[in-house]
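Note on naming: letters A, B, ... go to the chains in the order of the sequence lines (proteins, then strands), and numbering restarts at 1 for each one.
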2 protein chains.
Amino acid sequence: MNPPARRTGRPRSAEADRAILDATRAALVELGWSKVSMGDVAARAGVAKTTLYRRWANKNELVVDAVAAVFDEGLELPDLGCLQADIEAVVLSFARLLALPETRTALMAVVAESTRDPALRDRIRTAIVDRQKRLVLVGRERAQERGELPREQDPETAARTADLIFDMIAGAVVHRVLVSAEPVDTEWARGFTALLLHGLAAGLTLAPSGARPPRND
Amino acid sequence: MNPPARRTGRPRSAEADRAILDATRAALVELGWSKVSMGDVAARAGVAKTTLYRRWANKNELVVDAVAAVFDEGLELPDLGCLQADIEAVVLSFARLLALPETRTALMAVVAESTRDPALRDRIRTAIVDRQKRLVLVGRERAQERGELPREQDPETAARTADLIFDMIAGAVVHRVLVSAEPVDTEWARGFTALLLHGLAAGLTLAPSGARPPRND
DNA sequence: GCAGTTACGCTACGACTCGTAGCGAAAGAG
DNA sequence: CTCTTTCGCTACGAGTCGTAGCGTAACTGC
């Protein structure tokens with residue numbers, strides 16, 4: 001279904017594909033989402049504007065793929081042998097990508113657009129969101145193998161829980177970086193993870209565990 | 001400091017102000033962020049386009065004020081006498097406003113724009129974000145008076161903790177509604193609040209409370 | 001080698017939006 | 001009554017969108 005029947009005719013230039021995505025990313029860095037135009041991207045990529053429209057229906061779809069490429073090559077879940085360390089690491093990794101000028105300006109813009117465009121929403125989901133969510137599933141699996149988290153009997157409950165965890169982790173990082181516009185540093189990641197794991201009622205004041213004074217590094 | 005010396009000349013029509021904001025909101029509902037134009041809003045409001053530009057520099061600033069008006073009249077923190085109930089209520093209240101078509105399509109769009117526009121970022125902060133954050137501060141104060149949360153000695157740590165809580169609550173709800181595009185119902189709010197209060201390590205399965213014992217080892 | 005098919009670069013186009021300028025008229029302040 | 005500012009209106013240049021048409025380039029199957 002994917003590569004249907006495209007045996008005949010001149011094949012599409014893979015080089016143009018890369019050039020366009022790279023140009024899109026560069027244009028986002030330099031101009032920001034709202035001032036990036038298809039004509040500008042085409043000029044940067046050294047291709048004709050019609051070549052863009054043969055591949056992507058509009059700016060939204062193009063930018064989604066450009067952003068997805070950034071996350072694809074940068075987001076990973078290290079196996080540090082401990083749930084807390086794993087979460088902290090993925091939080092920092094996610095925040096680092098989110099703080100890049102191109103993702104910073106583009107990700108929320110396409111998400112906003114997707115509220116009115118189901119096709120765009122699906123593209124964002126498959127190209128970006130679902131791949132992020134996989135990290136939560138992998139992380140939970142590891143934690144369960146280590147005995148840090150209980151195994152769930154009901155798969156439906158398990159799925160709901162994973163969705164909740166994902167919304168909490170991704171949502172908090174996105175909100176911190178894009179709305180509050182404050183950096184996600186080691187200290188924040190540590191406090192966030194501690195709260196996620198142990199909750200408010202534990203009486204935490206969220207001072208870094210071990211009660212070291214809140215001095216900077 | 002605000003708009004101080006405007007004693008002379010024809011005063012601005014307060015009626016036009018309301019008409020423009022209402023028209024903006026209606027246009028957002030009908031067309032969505034990207035297809036709302038200043039000319040369209042002016043026509044809906046029954047005013048000239050130049051009248052809009054006398055009050056707002058561009059579409060972003062106008063939409064921020066229109067969205068802020070929605071949150072102003074709809075976001076509240078009920079005092080239910082219990083931290084868990086208070087959080088659940090404010091989560092549901094926030095999610096309800098966020099699910100409106102006008103906020104849904106506009107809020108993340110202006111946030112995305114604000115990454116390249118410091119003036120817009122300040123406007124969003126003062127008109128929307130800071131007022132939301134106040135709910136966190138009020139909620140914590142009440143919980144501390146009830147003895148549900150410990151009082152913090154260090155004001156700086158207290159501020160960082162409040163920022164963290166705010167990013168977690170607002171971020172999770174925003175992500176759930178706008179990115180995952182799933183509804184925030186009572187069940188989700190209860191699971192989220194339980195997790196926020198008690199954390200993962202308590203062995204919760206996030207099944208509706210009372211369902212099963214937390215098989216922790 | 002040749003025909004068929006598709007991609008490419010290029011140009012041009014209508015439709016739309018932006019933000020501004022200029023005008024005369026309207027509405028208050030002193 | 002004069003001064004000042006806002007108002008509605010029209011018009012404008014600049015920019016963008018997405019499409020169409022053209023001749024050429026590249027690759028496939030016969």
Side-chain angles (χ1 to χ4, degrees), chain A residues 2-24 27-28 30-65 105-106 109-110 113 116-117 119-120, chain B residues 2-21 23-24 27-28 30-66 105-106 109-110 113 116-117 119-120:
Chain A
N2 194 10
R6 198 191 294 279
R7 11 180 142 275
T8 173
R10 175 175 176 176
R12 287 197 177 164
S13 164
E15 188 181 357
D17 284 327
R18 276 189 306 103
I20 292 171
L21 288 176
D22 290 347
T24 303
L28 284 171
E30 188 174 328
L31 304 173
W33 156 264
S34 60
K35 289 178 181 161
V36 168
S37 71
M38 297 294 264
D40 185 85
V41 171
R44 285 171 193 261
V47 303
K49 202 171 55 166
T50 46
T51 301
L52 267 72
Y53 281 103
R54 258 181 223 106
R55 291 161 162 78
W56 291 276
N58 47 51
K59 195 170 89 171
N60 293 326
E61 313 250 336
L62 169 60
V63 169
V64 167
D65 283 7
T105 187
V110 293
E113 288 299 300
R116 288 273 170 166
D117 185 342
L120 183 63
Chain B
N2 198 5
R6 194 191 297 278
R7 9 181 143 273
T8 176
R10 175 177 175 174
R12 286 195 178 165
S13 163
E15 187 182 358
D17 284 326
R18 277 190 303 104
I20 293 171
L21 288 176
T24 303
L28 285 171
E30 187 173 329
L31 304 173
W33 157 263
S34 60
K35 289 178 180 162
V36 168
S37 72
M38 296 294 264
D40 185 85
V41 171
R44 286 171 192 263
V47 302
K49 202 171 55 167
T50 45
T51 300
L52 267 71
Y53 281 104
R54 259 183 221 105
R55 290 151 212 262
W56 291 276
N58 47 52
K59 194 170 89 171
N60 294 326
E61 312 249 335
L62 169 60
V63 169
V64 167
D65 284 8
T105 187
V110 294
E113 288 299 300
R116 287 274 170 164
D117 185 342
L120 183 63

Nearest-Å distance for atom pair CG/P, residues B:Asp40 and C:dA15: 19 Å

Relative orientation of the end axes in the helix from C:dG1-D:dC30 to C:dG30-D:dC1, expressed as an angle to the nearest 10° (five pairs per end): 20°

Residues touching DNA chain C, which here means a heavy atom under 4.0 Å, drawn from residues 50-65 of chain A: A:Thr50, A:Thr51, A:Arg54, A:Arg55

Side-chain donor/acceptor of A:Arg10 to base of C:dT6, under 3.5 Å: no

Shortest non-hydrogen contact between B:Arg116 and A:Leu28, atoms and distance: NH2-O, 3.3 Å

Intermediate values then yes/no, side-chain contact (heavy atoms from CB on, under 4.5 Å), B:Arg54 and B:Arg12: CA-CA 10 Å; B:Arg54 259 183 221 105; B:Arg12 286 195 178 165; 4.1 Å; yes

Backbone of A:Val63 reached by a side-chain donor or acceptor of A:Thr24 within 3.5 Å: no

Check: A:Lys49 side chain, D:dG18 base, donor-acceptor under 3.5 Å: yes

B:Trp33/B:Asn60 under side-chain contact (heavy atoms from CB on, under 4.5 Å): CA gap, chis, key distance, verdict: CA-CA 10 Å; B:Trp33 157 263; B:Asn60 294 326; 2.9 Å; yes

Interatomic distance, B:Glu15 CD vs D:dT6 P [rounded to whole Å]: 17 Å

Got a list of side-chain donor-acceptor pairs under 3.5 Å for residues 43-52 of chain B, not counting sequence neighbours?
residue: B:Arg44; atom: NE; partner: B:Asp40; partner atom: OD2; Å: 2.6
residue: B:Arg44; atom: NH1; partner: B:Glu30; partner atom: OE1; Å: 3.2
residue: B:Arg44; atom: NH2; partner: B:Glu30; partner atom: OE1; Å: 3.4

Check ion pair B:Asp17-B:Arg55 (N to O, under 4.0 angstrom): yes

Atom-pair distance (NZ on A:Lys35; P on C:dC18), nearest Å: 14 Å

Side-chain-base donor-acceptor pair under 3.5 Å for A:Arg12 and C:dA7: no

Residue pair B:Met38 / B:Leu62: nearest heavy atoms and the distance that separates them: SD-CD2, 4.1 Å

Length of the CZ-P vector between B:Arg44 and D:dG8, whole Å: 17 Å

Where A:Ala109 and A:Thr105 come nearest, the two heavy atoms and their spacing: CB-O, 3.7 Å

